[in-house]
Amino acid sequence: MNDTHQHTFHIPVMGLGFTIDTPLKVARFGISSALSLADDHLVEQMREFYATQFGQPFTRISQKAEDGRAKRITAYLDLLQDIIDAQMEQLCTNAFEANSELDRYFELLPERSPAKRDYLAMCASNGDQRAKLAVKLRATVTAGAVDVNIMTKVDKTNYAPDGTALPPEYSDALAALRGFAQSKLRSSVILSAGLNPRLYSYFEQFDDFFPASDGALAKRITLKVSDYRSALIQGKLLAKKGLWVSEFRIESGLNCGGHAFVSDGMLLGPIMEAFKTQREGLYAELKSLCDAALGRKQRLGFQTDPVQRITVQGGIGTAGEDRFLLDYYQLDGTGWGSPFLLVPEATNVDSDTLGKLANAAPGDFYLSDASPLGVPFHNFRPSSSEEQRKQRVVRNRPGSPCHKKFLSFNTEFTDKPICTASRQYQHLKLKEARMKFPDEQAYQKAAAAIVEKDCLCEGLAAPAVLTNGIPPKHNLKAVTICPGPNLAYFSQITSLKEMVGHIYGTANLLNGRFRSNLFVNELRLYIDYLKKEIEKYQHDFTEKRSTHYQAFRDNLLGGIAYYRSIMPAMQHYAQTNIDDMKSAMAAAEKTLLQLVFSAKKPMVQPT
């Protein structure tokens, strides 16, 4: 297992289709990225597409084949590995010359990288010295990781052709894990969306997640977490099974893309501080539990201390912010997601949506209730899927045809779970609402909430199909895109080189809009969220809710106090906008202190 990371950033998983083939585009330049395993239909389409593109054999794997979902995933991941291996072999045969991919590999590296310094030294030398440095540099060339993502709660039961439920190991999440475990990849599975005990126990079935004879891990586990407590609980659960967490990937609860797993007002800075101050204790506790479990299982242990990385993602927008996070919190890396949606060399975004993103206003990005999972979901107002959803409502045909059924969890009206974004569910739910709410105004409010749910299975997969010229099945072309609000400050369709340069500070891709730093932006998102929650429940404001919202507010106030304490350290970094941060924190504190909570009726006093 190669734990060397040439770059200090990674490209996180985005949607279903946006990063489904990103490794083929960036891994050969040492850049790590992640793809979703949720949609095996899309995985099979992309396998056929790339097998044809690269002259590889292709035999279709039916969805109805025995263990078809896992086999599709394994076949696609193996194809990715084979193609990337060939890319790396080809790259290393290149000469060091202008515009070669070998030169590009080193040109993209950060200036602080030892390999980048050696490369610059080679470029400035000649003769034997140049030849020696060239040999040394070729030996450092390493592909970026091809990581995979499993949303732990997207784990529906699957059924045999005769309608009987298949055993638990054929559920969506477990089958996806099996597909990865049986593949050639030597990388990480990223677990997001919380704890799934059944899935976590299933890891024990695969030797690659345990130390090999040399003490190394063929496959690793990464946990995407929202706070330290979650990391500790999940890390201990896995360690007690002898399973090591190789990376904790901290993500902002609100200043991110996709689903937003909102914390109780705990902000990113204090969360990272907890990891910084307790990192050694976390490592020691998990290592002790893991070693003991490996001994009980009579498995081989680690020959050297295993790596445990701490990374962060969500709302990072400047090189100064990136550098501050890495230095101050002693992080091992950062994640840059939404800005890469404007990089066609790295992600799949169809031309229509790409143009809309480049011309978007801040108000076009919003937190919605569109997800059938019942989790807040970042949405984009001008998207073709949102337009399609509205048109269906106007035509009195709300809801989507449900072909893939990945988010089918509701059993209000049926024995077999269905999706709340489906036409079937929304028809039944609207009929119920009409009977439940004779008052037209109350009915319209209930109906609006019902029809807001949208099909994510088709919409989040569509861009990969459209971008690569693959005929969409069922002629469903509408695109759902879920960028984080930070994308409002990027408007330029750009190259991979330019975006990497922006991250490392050799370019500036921000548009003309004033941008507060990531801590201020996240704080404002949380205050807006809290205000909306108070307004939502103003007619049903219990003592329990009052207590919860006061704790939420107190956590935000604690975050403000924390940020004031670190401003002296931040001011040494460019592009962190400290003066704006000072005034923004004062304004936020004033707003929070004027929130009044009552068991009967909450009020937000005017500022």
Side-chain angles (χ1 to χ4, degrees), residues 1-11 22-33 81-147 186-187 214-216 303-305 307 309 311 318-320 322-327 330-334 336 340 343 345-346 494-509 572-575:
M1 172 60 62
N2 179 18
D3 288 316
T4 301
H5 290 258
Q6 294 278 42
H7 287 272
T8 61
F9 76 93
H10 61 264
I11 302 175
T22 293
L24 290 182
K25 302 171 181 179
V26 304
R28 66 185 181 277
F29 300 117
I31 299 171
S32 297
S33 62
Q81 187 64 65
D82 289 344
I83 294 173
I84 291 169
D85 286 345
Q87 289 176 335
M88 296 304 294
E89 184 177 349
Q90 177 63 36
L91 182 144
C92 286
T93 64
N94 287 177
F96 279 106
E97 59 187 14
N99 300 319
S100 77
E101 289 207 331
L102 186 58
D103 268 70
R104 191 181 182 197
Y105 178 96
F106 290 99
E107 288 170 354
L108 289 173
L109 294 178
E111 298 301 316
R112 294 187 180 191
S113 163
K116 181 65 169 282
R117 290 197 291 267
D118 285 345
Y119 170 73
L120 294 175
M122 184 204 70
C123 292
S125 61
N126 50 50
D128 289 345
Q129 179 66 15
R130 181 182 176 90
K132 289 179 181 178
L133 284 171
V135 171
K136 179 182 178 182
L137 285 168
R138 287 178 191 275
T140 68
V141 173
T142 306
V146 183
D147 294 329
R186 296 176 65 85
S187 57
D214 60 357
Q303 293 183 8
T304 58
D305 287 342
V307 171
R309 289 165 50 84
T311 62
T318 70
D322 188 84
R323 194 72 252 164
F324 172 76
L325 295 174
L326 290 169
D327 291 349
Q330 300 166 24
L331 299 173
D332 299 293
T334 56
W336 285 68
F340 273 98
V343 184
E345 287 179 72
T494 190
S495 68
L496 178 64
K497 180 179 180 180
E498 289 168 327
M499 184 56 72
V500 174
H502 177 84
I503 294 170
Y504 292 144
T506 59
N508 183 6
L509 300 180
H572 300 298
Y573 291 81
Q575 302 173 304

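Just so it is clear, the values below take in all heavy atoms, side chains as well, and ignore hydrogens, waters and symmetry mates.
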On a heavy-atom basis, which atom in Ser100 and which in Ala95 lie closest, and how many Å separate them? OG-O, 3.0 Å

Can you tell if the side chain of Phe96 reaches within under 4.5 Å of the side chain of Arg138, non-hydrogen atoms only? yes

Work out which heavy atom in Leu102 is nearest to a heavy atom in Phe106; give both atom names and the distance. O-CD1, 3.3 Å

Rounded distance (nearest 0.5 Å) linking atom OG1 of Thr140 with atom NZ of Lys136: 9.0 Å

Parallel under 30°, tilted from 30 to 60°, perpendicular over 60°: which one fits the rings of Tyr573 and Phe324? perpendicular

Looking only at heavy atoms, the pair that brings Asn94 and Glu101 closest together is OD1-N, 3.3 Å

So does Leu496 get a backbone contact from the side chain of Glu345, meaning a donor-acceptor N/O pair under 3.5 Å? yes

Establish, from distance only, whether the side-chain atoms of Ser125 and Gln129 form a donor-acceptor pair under 3.5 Å. no

List the steps and the verdict of side-chain contact (heavy atoms from CB on, under 4.5 Å) for Asp332 and Val307. CA-CA 11 Å; Asp332 299 293; Val307 171; over 6 Å; no

Quick one, Phe340 with Ile503, criterion side-chain contact (heavy atoms from CB on, under 4.5 Å). Give me CA distance, side-chain angles, the key distance, then yes/no. CA-CA 11 Å; Phe340 273 98; Ile503 294 170; 3.9 Å; yes

Donor-acceptor check, side chain of Ser32 to backbone of Gly144, threshold 3.5 angstrom: yes or no? no

If you take all heavy atoms of Ile84 and Ala27, which pair is closest and at what distance? CD1-CB, 3.9 Å

Side chains of Asn508 and His502, heavy atoms from C-beta outward: is any pair under 4.5 Å? yes

If only atom types and distance count, is the side chain of Ser187 paired as donor or acceptor with the main-chain N or O of Val146 below 3.5 Å? yes

Any donor-acceptor pair under 3.5 Å linking the side chain of His7 with the backbone of Phe29? yes

Side-chain ion pair, Asp327 and Arg112, N-O less than 4.0 Å: yes

I'd like to know whether Leu108 forms a side-chain contact (heavy atoms from CB on, under 4.5 Å) with Gln6, so could you lay out the CA-CA distance, the side-chain angles of the two residues, the decisive distance to 0.1 Å, and finally the verdict. CA-CA 10 Å; Leu108 289 173; Gln6 294 278 42; over 6 Å; no

Evaluate the side-chain contact (heavy atoms from CB on, under 4.5 Å) criterion for residues Val343 and Thr494: first the C-alpha distance (whole Å), next the side-chain angles of each, then the deciding distance (0.1 Å), finally the verdict. CA-CA 5 Å; Val343 184; Thr494 190; 3.6 Å; yes

Polar side-chain atom of Asp103 near backbone of Glu97 as donor-acceptor pair, under 3.5 Å: yes

Could you tell me the separation between the OG1 atom of Thr142 and the NE2 atom of His5, rounded to the nearest 0.5 Å? 10.0 Å

Does a donor on one side chain sit under 3.5 Å from an acceptor on the other, for Asp322 and Tyr504? no

Give, for atom CZ of Arg104 and atom CG of Leu109, the distance between the pair rounded to the nearest 0.5 Å. 12.5 Å

So which atom in Leu24 and which in Gln87 form the shortest heavy-atom distance, rounded to 0.1 Å? O-NE2, 3.1 Å

Calculate, to the nearest 0.5 Å, the distance between atoms CG and CG belonging to Asp128 and Leu133 respectively. 11.0 Å

Heavy-atom neighbours of Lys497 NZ exceed 12 at 6.0 Å: no

Least distance between heavy atoms, Leu91 atom then Arg28 atom: CD1-O, 3.5 Å

Would you check if Tyr105 and Val141 make a side-chain contact, meaning some heavy-atom pair closer than 4.5 Å? yes

